Number of protein chains: 2
Amino acid sequence: MNETIQTILNHRSVRSLTNQLLTDEQIRIIVNSAQAAATSSFVQAYTIIGIKDQSKKEKLAVLSGNQSYVSENGHFFVFCLDLHRLTLAAEMEDVPSDETYRALTSTETFMVGVIDTSLAAQNAVIAAESMGLGICYIGGIRNQLDEVSQLLQTPNHVIPLFGLSVGYPADLPDQKPRLPYLNVYHEDEYNQDDQQLIDQLQQYNNEISAYYADRTNGRRKDRWTEAMAKLLTHPKRLYMKDFLNKKGFPLE
Amino acid sequence: MNETIQTILNHRSVRSLTNQLLTDEQIRIIVNSAQAAATSSFVQAYTIIGIKDQSKKEKLAVLSGNQSYVSENGHFFVFCLDLHRLTLAAEMEDVPSDETYRALTSTETFMVGVIDTSLAAQNAVIAAESMGLGICYIGGIRNQLDEVSQLLQTPNHVIPLFGLSVGYPADLPDQKPRLPYLNVYHEDEYNQDDQQLIDQLQQYNNEISAYYADRTNGRRKDRWTEAMAKLLTHPKRLYMKDFLNKKGFPLE
């Protein structure tokens with residue numbers, strides 16, 4: 001197994017990072033790595049905002065649900081889906097804005113933007129981890145996107161999708177076991193045998209329960225399906241559709 | 001610069017792959033790498049379908065717009081956003097389906113699924129490339145998702161997002177230059193100076209034009225903004241919103 005695959009398989013989300021700042025060289029390598037990712041039709045539909053201003057980090061930490069690792073880290077990146085750049089391109093080519101409206105507002109184009117941004121981010125993550133840094137994705141910046149957008153001054157057609165805390169690990173957590181291989185990887189077609197999938201999830205529940213029990217002297221024994229049922233009965237961020245619409249993404 | 005970062009920076013989309021099949025061990029390493037990616041609230045909202053059946057590969061190649069590298073490769077993966085697994089989890093926990101409806105149909109949850117699937121895919125890509133394999137993402141499977149879903153027998157709440165051709169490169173293309181660093185990486189807030197962004201894109205246009213001219217004896221001199229304006233005036237896959245709705249994602 002080569003070094004790269006070892007790095008990938010060694011991933012864990014690190015929520016405890018030191019305040020030792022990344023160098024500009026490290027930041028550049030991480031951003032260059034992000035930019036090297038594949039991109040749909042070469043659109044490169046993202047912008048990465050790096051937060052150096054400590055007071056801004058602290059504001060973002062509060063907006064993300066008081067997550068300390070948003071402000072305490074070596075660097076904080078915000079990965080934004082960005083189609084504003086495409087509107088500038090159309091302007092430079094003298095294309096009137098009514099001719100770009102349908103493409104800009106389509107669900108398909110939005111999906112391309114989310115995918116492009118995520119591929120770039122994961123490249124950034126692997127590059128950072130290969131340098132011995134720890135990372136944690138911050139979906140919490142979507143808790144209050146209106147405020148986050150104002151803070152970061154993002155224009156129309158730009159959506160901050162997630163944050164990324166990067167830094168030197170102060171503490172390395174254990175790795176949580178992933179879903180069973182055959183539950184995630186199907187051959188030639190989707191496995192339509194729900195009972196088999198349920199049996200696999202049952203086995204996974206046992207594995208996850210044992211994992212928690214082991215680390216809490218038996219106090220916690222959460223099942224995976226229990227955590228998922230809880231997520232599904234507590235819907236989050238239901239304002240998202242309206243927010244996207246307001247920012248130029250009616251998702252037609 | 002370490003090996004992992006070299007692998008990342010060396011990426012190019014390889015459209016010419018040999019038919020030498022990946023071993024099951026290679027497939028397992030690629031899928032394990034995908035599964036090691038970070039995932040929002042541990043949902044792991046994806047399923048990967050690996051296509052071994054050559055006739056199915058050929059059907060997918062036709063459905064993707066006659067792209068030969070969908071059928072000619074070492075293995076073809078389809079990365080699907082998957083919330084069907086979560087509905088099984090709710091069932092196992094005796095949660096009635098009307099209690100999960102809002103979370104399952106929200107735009108936020110859909111975004112989580114697209115992000116999760118993309119992070120996993122990019123891990124798979126880096127793992128494959130680190131083993132000397134070439135890859136090409138296939139957004140073309142979204143051209144006719146109804147037919148693709150039927151072929152792959154994907155249930156409700158599962159959306160094939162993109163394909164991934166993997167194999168031994170028959171021919172290695174050049175790397176296309178990416179957007180200027182400062183166009184993509186902003187500090188502390190989004191750069192609101194549109195004229196500066198336009199100047200950077202102008203400089204990028206020159207670079208891209210020279211790249212094409214160099215490789216075609218001056219026949220092609222496409223500007224990046226020209227290609228983007230073309231994309232924006234030729235909207236694609238406008239059926240997506242209806243398709244997602246039909247598959248359980250009204251995006252509320």
Side-chain angles (χ1 to χ4, degrees), chain A residues 2-5 7-9 11 13 31 33 35-36 38 40-41 44 48-50 53 86 88-90 92-93 95 99-100 102-103 106-108 114-115 118-119 122-123 126-127 130 137 139 152-154 178-179 185-190 192 198 225 228-229 231-233 235 237-238 240-241, chain B residues 2-5 7-9 11 13 31 33 35-36 38 40-41 44 48-50 53 86 88-90 92-93 95 99-100 102-103 106-108 114-115 118-119 122-123 126-127 130 137 139 152-154 178-179 185-190 192 198 225 228-229 231-233 235 237-238 240-241:
Chain A
N2 66 47
E3 251 179 53
T4 300
I5 291 167
T7 296
I8 289 173
L9 296 181
H11 167 75
S13 292
V31 173
S33 295
Q35 289 197 259
S40 178
S41 305
Q44 308 168 73
I48 305 166
I49 304 178
D53 178 343
L86 293 200
L88 295 180
M92 289 165 73
E93 298 290 333
V95 177
E99 288 182 28
T100 63
R102 287 199 81 187
S106 77
T107 301
E108 158 70 14
V114 177
I115 295 168
S118 305
L119 302 185
Q122 190 56 18
N123 259 12
I126 301 299
S130 78
Y137 278 105
L152 303 179
Q153 296 284 306
T154 49
R178 276 8 193 190
L179 283 163
Y185 182 67
H186 304 187
E187 215 168 83
D188 284 330
E189 58 188 34
Y190 197 94
Q192 290 128 73
I198 286 173
T225 54
M228 294 305 111
L231 273 181
L232 284 182
T233 49
R237 303 168 190 151
L238 293 173
M240 192 57 72
K241 180 193 173 84
Chain B
N2 67 46
E3 252 178 51
T4 300
I5 290 166
T7 295
I8 289 173
L9 296 180
H11 166 75
S13 292
V31 173
S33 296
Q35 288 197 261
S40 178
S41 304
Q44 308 168 74
I48 304 167
I49 304 179
D53 178 345
L86 293 201
L88 295 180
M92 289 165 72
E93 297 290 333
V95 177
E99 288 181 28
T100 61
R102 287 199 81 186
S106 77
T107 301
E108 159 69 15
V114 177
I115 295 168
S118 305
L119 301 185
Q122 189 57 17
N123 259 11
I126 301 301
S130 79
Y137 278 104
L152 303 180
Q153 296 285 304
T154 49
R178 275 10 194 190
L179 282 163
Y185 183 67
H186 304 187
E187 215 169 84
D188 283 329
E189 59 188 31
Y190 197 95
Q192 290 129 74
I198 286 173
T225 55
M228 294 304 111
L231 273 181
L232 283 183
T233 49
R237 303 167 190 153
L238 294 174
M240 191 58 72
K241 180 194 173 85

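So that the names make sense, note that chain A is the first sequence line, chain B the second, and so on, each numbered from 1. Predicted model only: the values in this text are computed from it and were never measured.
Counting heavy-atom pairs under 4.5 Å between each of B:M240, B:M92, B:E108 and chain A puts B:E108 at the top. When each of B:A36, B:S33, B:P235 is scored by its heavy-atom pairs under 4.5 Å with chain A, the top score falls to B:A36. In terms of heavy-atom pairs under 4.5 angstrom with chain B, the leader among A:N123, A:L231, A:I126, A:L179 is A:L179. Highest contact tally toward chain A, considering only B:R102, B:K241, B:H11, is held by B:K241 [criterion: heavy-atom pairs under 4.5 Å]. Put simply, of A:V114, A:L88, A:V95, the one with the most heavy-atom pairs under 4.5 Å next to chain B is A:L88. Options A:L9, A:L152, A:T107, A:I48 differ in how many heavy-atom pairs under 4.5 Å they form with chain B, and the most are formed by A:I48. Of the listed residues (B:R237, B:R178, B:H186), the greatest number of heavy-atom pairs within a distance under 4.5 Å of chain A belongs to B:R178. Comparing A:S13, A:A127, A:S40, A:G139 by heavy-atom pairs within less than 4.5 Å of chain B, the highest count is held by A:A127. Note: A:Q44 leads A:Q44, A:E3, A:E99 in heavy-atom pairs under 4.5 Å with chain B.
Summarising the geometry, atom OG1 belonging to A:T100 is positioned 12.5 Å from atom CD belonging to A:E93; distances are rounded to the nearest 0.5 Å. How far CG of A:L232 is from OG1 of A:T225: 11.0 Å, rounded to the nearest 0.5 Å.
Across all non-hydrogen atoms, the minimal contact from A:M228 to B:S41 is CE-O, 3.5 Å. Nearest heavy atoms, B:N2 versus B:I5: OD1-N, 2.8 Å.
A:E187 places no side-chain N or O within 3.5 Å of a backbone atom of A:Y185 that could act as its donor or acceptor partner. One N or O on the side chain of A:D188 and one on the backbone of B:D53 form a donor-acceptor pair closer than 3.5 Å.
Between B:I49 and B:T154, the closest side-chain pair of non-hydrogen atoms falls below 4.5 Å. Within the 4.5 Å cutoff, the side chain of A:Y137 has heavy atoms near those of the B:L119 side chain.
For A:Q35, the parts lying under 4.5 angstrom from a heavy atom of chain B are both the backbone and the side chain. Contact of A:Q192 with chain B is made through the side chain alone, with heavy-atom distances under 4.5 Å. A:T7 touches chain B through its side chain: at least one heavy atom from C-beta onward sits under 4.5 Å away, while N, CA, C and O do not.
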